[in-house]
Amino acid sequence: MIRGGYRGKILRVDLTTGKITTEGLPEERIVRKYVGNFGLGLWYLMRELPEGVGPTDPENPLIFLNGPLVGTRVPCPNNCTITALNAETGYTAGRSHSHGWFGPYLAMAGYDGILITGASDRWVYLWIDDGKVELRDANKLLGKDTHETEDLIKEDLGVPTKVGAAGGASVAAIGPAGENLCAGAAVMNDKNHGFCHSGVGTVMGSKRLKAIAVRGTSEVPVFDPEKLRPIAMDWTRLAVEAGLGVLVKQAGAPRAYGEGLLDGLVGLSAKNWKANTLPGFGHGMTQQKITPKPCYRCPIGCCYDAEVLTCPYKGYVATLSGGGENTEGASSIVGAGASDPGEVWYLTDLEDRLGFETSSVGCAMAVAFEAFEKGLLTTKDTDGLELKWGDGKVIETLVKKIARKEGKFATLLADGPKAAAERVGLPDAAVHIKGAGMNLHDWRRAWGVLLGQAVGGGSGWPPPGADCWTPEADAGYPERTDPLSPFGKGQEVARTGIIKLWNDCYGCCWFGTWGLPGIMKFSAGAIAAVVGWEDFTLEEALAVGHRVLTLERVFNMQHGLTAEDDLHVSPRITDPAPADAGPAAGKSIQPYLEGWVRDYYVELGWDRRTGKPMRATMKKLGLEEFMGLV
């Protein structure tokens, strides 16, 4: 019986009619099979998406879902997930997570999720104030960036502008990129956060939904607080002492680049993956003013505001998220930031404000810069822009034009890296996964991570392997594996993928779970204590992860994915690593890729040749109702 965690209500919004209704969760056996976030969101998507619908069609549902631990006293209980048909690939399940305060406020307002269908005939935003829900006119917000939109909505509602303030609200909004249906458009929230994968901002823009604001004041119920307390304490302690949390607290983006802590782990995504280093990149970052901006109940605090103290960007304050992928997509991928950390932060913040996930637009621009360098483009083709690597002013001008689709050249780049590469005459030069922007570092130094990207659906972080940031003890890898060994990578990615998909279901940020020894015990125990499923075990949690990973495969194959899509990846990804890639220099995954992919399939109980989940696997995982779909 569900006795805590879940609020028991889904908000359904039909933007075509303007009708807003509330419905209950599916029956408990379904909830327990998929738990929440992406798992339950995928289950809804399987039912809500009509056949033959494209990502920007009104019928593509935009599904916001929490997990049952959101808003509770475990560490990092702030993960909200959007599920939809992926607007970047066009045919895979889209999965995008965000943190901050949006998910907790939604839970405190009494809802487990929001299911949005249809398309409005005018621009609107959704306001959820505990049990009061309404659509409001958003015409005055058109063209505003995500920060401006958040501030204007809070002014309109009369709530505090400070994130996390008493009586405050969380705003998730699209910028000009989403309004103009650009590839890689994101939904940004709480200044430092965003749903940045799968083109969910493009889907939201197609519905003429500018933003969602939510305020909640009730407490999330917990079945057994006494049982939860020691679990939460031990989990929190380990989250800051082990796993990825320790790396984030010790490094974060500023120190990681400024003091070379990434050396030997990953390569910098420089100049469209033609280089792994950019001399001077990141230097001086630690001499700026860095202010941590923790999410709701987060002991790690990876997000931060960066105030630039040196010219020419002196005084500029960028509101940034944790990790370095976002900064690489905005700067180093096009050669920027080598001489000035302020330029890195300014360009990253600009793309956040425009509502871009930086990898998609950054990699699209990068192929154009490479084509210009090779003489395939001239200023006659680029609307007068001279595309020289690292020219921050040109990059700034171009990304603004792309967000608004201003001019023929910017519009040419607005459909993402794969399309851009084909249009500029370098079809093999794009860095992408199945047409979508990927999680940027140059992973050719960490073959497990790179394989996980390759077999992923072009949405969210895919199976991570165990050879980069952290080991994954609960998957059988108590020590980091050799990142350049060809042996066992298929099994490694499959086993870590099961844990990753489980972590994507219960409502906690991955930075508080990835690589954490004992995470399966902690998370399963927390579910038992919070929800009241007292017999919920580690084994059941693993089954949920395997089930969701397999159902995602079923969905993707139903919509056109084949094994060839996993095997024939972007040539730039299988190119030998560049000369400055340390021990990976000159090495390529190409000779091993097919064997790894086949081993990955077998480990998961999928057909070795086709990648189709076997009937016995589907039956074991309780997926019989989906057997006829592939």
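- Between Asp14 and Lys19, no side-chain nitrogen of the basic residue sits less than 4.0 Å from a carboxylate oxygen of the acidic one, so the salt-bridge criterion is not met.
- Listed by chain and number, the residues in a side chain to side chain contact (heavy atoms under 4.5 Å, CB included) with Thr382 are Phe372, Leu377, Thr379, Leu385, Leu387, Phe409 (sequence neighbours excluded).
- Judged by distance alone, the side chain of Thr16 and the main-chain N or O of Ala119 form a donor-acceptor pair under 3.5 Å.
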Using the side-chain contact (heavy atoms from CB on, under 4.5 Å) rule, take Phe555 and Leu45 through it: C-alpha gap first, then chi angles, then the decisive distance, then the call.
CA-CA 9 Å; Phe555 178 95; Leu45 185 65; 3.7 Å; yes
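- Between Gly113 and Leu65, the closest heavy-atom pair is CA-CD2, 3.7 Å.
- Between Tyr304 and Trp345, the ring planes are perpendicular. Angles over 60° get that label, and only those under 30° would be called parallel.
- Within the 4.5 Å cutoff, side-chain heavy atoms of Val431 are placed close to those of Leu440.
- Inter-residue side-chain proximity for Ile212 and Phe102 is flagged as met; some heavy-atom pair is nearer than 4.5 Å.
- The backbone N or O of Asn180 lies less than 3.5 Å from a partner atom in the side chain of Lys405, making a donor-acceptor pair.
- Between Leu15 and Leu135, the closest side-chain pair of non-hydrogen atoms falls below 4.5 Å.
- Between Asn86 and Ser459, the side chains place no donor N or O within less than 3.5 Å of an acceptor N or O (distance only, hydrogens not considered).
- Using a distance-only test at 3.5 Å, with no hydrogens or angles considered, a donor-acceptor pair links the side chain of Asn60 to the main chain of Leu85.
- A salt bridge does not link Lys408 to Asp383: none of the charged nitrogens lies less than 4.0 Å from a carboxylate oxygen.
- At a threshold of 4.5 Å between non-hydrogen side-chain atoms, the residues Val35 and Trp502 count as touching.
- Qualifying side chain to side chain donor-acceptor pair (under 3.5 Å) partners for Tyr125, counting only residues two or more places apart in sequence or in other chains: Asp156.
- A pairwise comparison of heavy atoms in Ala366 and Ile333 identifies CB-O, 3.6 Å as the closest pair.
- Within 6.0 Å of atom CD in Glu219, 12 or fewer heavy atoms from other residues, nucleotides or ligands are found, so the atom counts as exposed in its surroundings.
- Looking only at side-chain heavy atoms (C-beta outward), Asp145 and Thr149 stay at 4.5 Å or farther from each other.
- More than 12 heavy-atom neighbours from other residues, nucleotides or ligands sit within 6.0 angstrom of NZ on Lys154.
- In summary, Asp137 and Arg122 engage in a salt bridge, as defined by a charged side-chain N under 4.0 Å from a carboxylate O.
- Checked against side chain to side chain contact (heavy atoms under 4.5 Å, CB included), Ala436 has the following partners two or more places apart in sequence or in another chain: Glu88, Thr89.
- By the side chain to side chain donor-acceptor pair (under 3.5 Å) test, Asp305 pairs with Asn192, sequence neighbours left out.
- The cationic atom of Lys132 (NZ for Lys, CZ for Arg) does not lie both less than 6.0 Å from the six-membered ring centre of Trp127 and within 45° of the ring axis.
- When all heavy atoms of Ser98 and Asn189 are compared, the closest pair comes out as OG-OD1, 2.5 Å.
- Between Arg404 and Glu179 there is no salt bridge, since no side-chain N of the basic residue sits under 4.0 Å from a carboxylate O of the acidic one.
- Here the closest non-hydrogen pair linking Ala211 and Ile153 is CB-CD1, 3.4 Å.
- With sequence neighbours left out, the salt bridge (charged side-chain N to carboxylate O under 4.0 Å, His left out) criterion links Glu155 to no other residue.
- Side-chain atoms of Leu350 and Lys400, non-hydrogen and from C-beta on, do get closer than 4.5 Å to each other.
- Between Phe195 and Cys80 the shortest side-chain heavy-atom distance falls below 4.5 Å.
- A cation-pi arrangement is absent between Arg7 and Tyr111 under the rule of less than 6.0 angstrom and at most 45 degrees off the ring axis.
- Checked against the 6.0 Å centroid criterion, the rings of Tyr296 and Tyr105 do not qualify as a close aromatic pair.
- Listed by chain and number, the residues in a salt bridge (charged side-chain N to carboxylate O under 4.0 Å, His left out) with Glu27 are Arg29 (sequence neighbours excluded).
- We find that Glu343 and Lys393 are not joined by a salt bridge, their nearest charged nitrogen and carboxylate oxygen being 4.0 Å or further apart.
- Ion pair Glu351/Arg353 not flagged as a salt bridge, since none of the NZ, NE, NH1 or NH2 atoms sits closer than 4.0 Å to an Asp/Glu carboxylate oxygen.
- Between Asp352 and Lys191 there is no salt bridge, since no side-chain nitrogen of the basic residue lies less than 4.0 Å from a carboxylate oxygen of the acidic one.
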side-chain contact (heavy atoms from CB on, under 4.5 Å) evaluation trace for Asn139 with Leu141
CA-CA 5 Å; Asn139 191 61; Leu141 303 174; over 6 Å; no
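- The minimum heavy-atom distance linking Pro55 with Ser206 is given by the pair O-OG, 4.4 Å.
- Glu150 is listed as a side-chain neighbour of Val163, based on a closest heavy-atom distance under 4.5 Å.
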CA sep, side-chain torsions, deciding dist, call: Asp112, Lys9, salt bridge (Lys or Arg N to Asp or Glu O under 4.0 Å):
CA-CA 6 Å; Asp112 295 302; Lys9 293 188 295 183; over 6 Å; no
